[in-house]
Amino acid sequence: MPAGEVAVSEGVDALARVPRLLVALDFDGTVAPLVDDPSMSRVAPGAQAAIDRLRGIAGTWVAFVSGRPLASLARLTESGTDALLVGSHGVEVSIRGEIAELALSAEENDRMTRLEAALTGLVASVPLAHLEHKPVGYGVHTRRVVDQSLVPPLQAAARHAADGVGGFTTRVGKDIVEFSVRDVNKGDGVRMLRALLAGEEGGPVAVLYAGDDVTDEDAFAVLEPGDLGVKVGEGATQARARVADIPAFTQLLADLAARREASVQLH
Ligand SMILES: O=P(O)(O)OC[C@H]1O[C@H](O[C@H]2O[C@H](CO)[C@@H](O)[C@H](O)[C@H]2O)[C@H](O)[C@@H](O)[C@@H]1O
């Protein structure tokens, strides 16, 4: 479904009135501006305020669903023990402080080691490229590479190396190509969170999912009638609504909080 099929205001209005709502948020590029150093990312102040407000409304849950490692996501979102976090594109899960064990097999570890050796050499050959070590894979970052003509050949060589080792899921994001030894995605994460909350609450849970990148399409793809997918920024998408940028999405979250607070008071 093309973005723009639903006017943002109309979509938010509908979500304000559902009895149970999961607000599932991508992190980088959706609530946190993209920066050169991933460790320096921060949630935009207005977005944080809206998230805190939403968390305080009855029948409303906020989760982060990110490609980031869980530890990084927990730190940057300053999540407490009640947090719902899905990291590493759906592989790592933390539900209110309970972290599902990853337990990589010896074979997975071996493939990781072999890919790391290959990627380390490739990344070292391109000035200012950076290799991110993740719990179930690697990210080849190229945001800071000055000579961007070096990026396509680096990414092609990295893909070739991953194909050579075998068994990796490849994802292309913003100035990054990533390789994961586990084939799980953000859609799996959203499905799991919805089922968990519906089970706990004994009723259906509508979902607002927002994301800015290609990897968020897996999450948009599992949304159901009554949910709302919001694409943040440009690019082809299956999301039914679109906002221009992080400030516009921050405004959407604040509007949702205000309308949901008003709706809860009426019931
Ligand atoms: O699913 P997300 O929450 O959007 O995470 C995707 C990747 O985000 C990080 O990289 C991106 O953000 C960095 C900081 O702004 C930026 O420097 C980089 O160019 C982006 O690709 C993170 O480092 C990755 O692990 C995530 O997979």
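In each ligand, atom 1 is the first atom listed, and ligand 1 is the first ligand listed.
Here the side chain of Lys231 pairs no donor or acceptor atom with the backbone of Phe220 at under 3.5 angstrom. Gln148 contributes a side-chain N or O that, together with a main-chain N or O of Thr142, makes up a donor-acceptor pair within less than 3.5 Å. Looking only at distances, no side-chain donor or acceptor of Glu92 sits under 3.5 Å from a matching main-chain atom of Val86.
Among protein heavy atoms, atom 4 (O) of ligand 1 sits closest to Asp26 OD1, 2.7 Å. Closest to atom 24 (C) of ligand 1 among all protein heavy atoms lies Glu132 OE1, 3.4 Å. If you check which protein heavy atom lies closest to atom 20 (C) of ligand 1, you get Lys174 O, 3.4 Å. Here the protein heavy atom with the shortest distance to atom 19 (O) of ligand 1 is Arg143 NE, 2.7 Å.
Residue Val65 places no N or O, backbone or side chain, under 3.5 Å from any N or O of ligand 1. When only interatomic distances are considered, the shortest N/O to N/O separation between Lys186 and ligand 1 falls below 3.5 Å. Looking at Ile176 next to ligand 1, no N or O pair under 3.5 Å apart turns up.
Of the options Glu200, Glu201, Arg194, a side-chain contact (heavy atoms from CB on, under 4.5 Å) to Arg20 is made by Glu201 and by none of the others.
Proximity to Leu34 (heavy-atom distance under 4.0 Å) selects the following atoms of ligand 1: 12 (O), 15 (O). Close contacts between ligand 1 and Ser66 involve ligand atoms 1 (O), 2 (P), 3 (O), 5 (O) [criterion: under 4.0 Å to a heavy atom]. Taking a cut-off of under 4.0 Å to the non-hydrogen atoms of Asp36, the atoms of ligand 1 that pass are 17 (O). Every atom of ligand 1 is numbered from 1 in the order shown, and the set under 4.0 Å from a heavy atom of His141 is 10 (O), 18 (C), 23 (O). For ligand 1 and His89, the ligand atoms under 4.0 Å from any heavy atom of the residue are 27 (O). Listed by number with element, the atoms of ligand 1 under 4.0 Å from a non-hydrogen atom of Lys134 are 24 (C), 25 (O), 26 (C), 27 (O). Numbered from 1 in the order shown, with element, the atoms of ligand 1 that lie under 4.0 Å from a heavy atom of Glu178 read 26 (C), 27 (O). Atoms of ligand 1 lying under 4.0 Å from at least one heavy atom of Ser41, given by number and element, are 14 (C), 15 (O).
Distance CG/Asp26 to OH/Tyr209: 4.5 Å, rounded to 0.5 Å. The CZ atom of Arg260 sits 10.5 Å away from atom CG of Leu208, with the distance rounded to the nearest 0.5 Å.
Nearest to atom 16 (C) of ligand 1 by heavy-atom distance, out of Asp28, Leu25, Leu76, Val35, is Val35.
Look at Asp175 and Arg144 and you find no salt bridge, because none of the NZ, NE, NH1 or NH2 atoms lies under 4.0 Å from a carboxylate O. Classification of Arg159 and Asp163 as a salt-bridged pair fails, no side-chain N sitting under 4.0 Å from a carboxylate O.
Leu70 approaches Ile99 most closely through the heavy-atom pair CD2-CG2, 3.8 Å. Nearest approach of Val172 to Asp213, heavy atoms of both residues: O-OD1, 4.5 Å.
Not a single heavy atom of Asp213 sits less than 4.0 Å from an atom of ligand 1.
Side-chain N/O atoms of Ser41 and Arg68 include a donor and acceptor closer than 3.5 Å.
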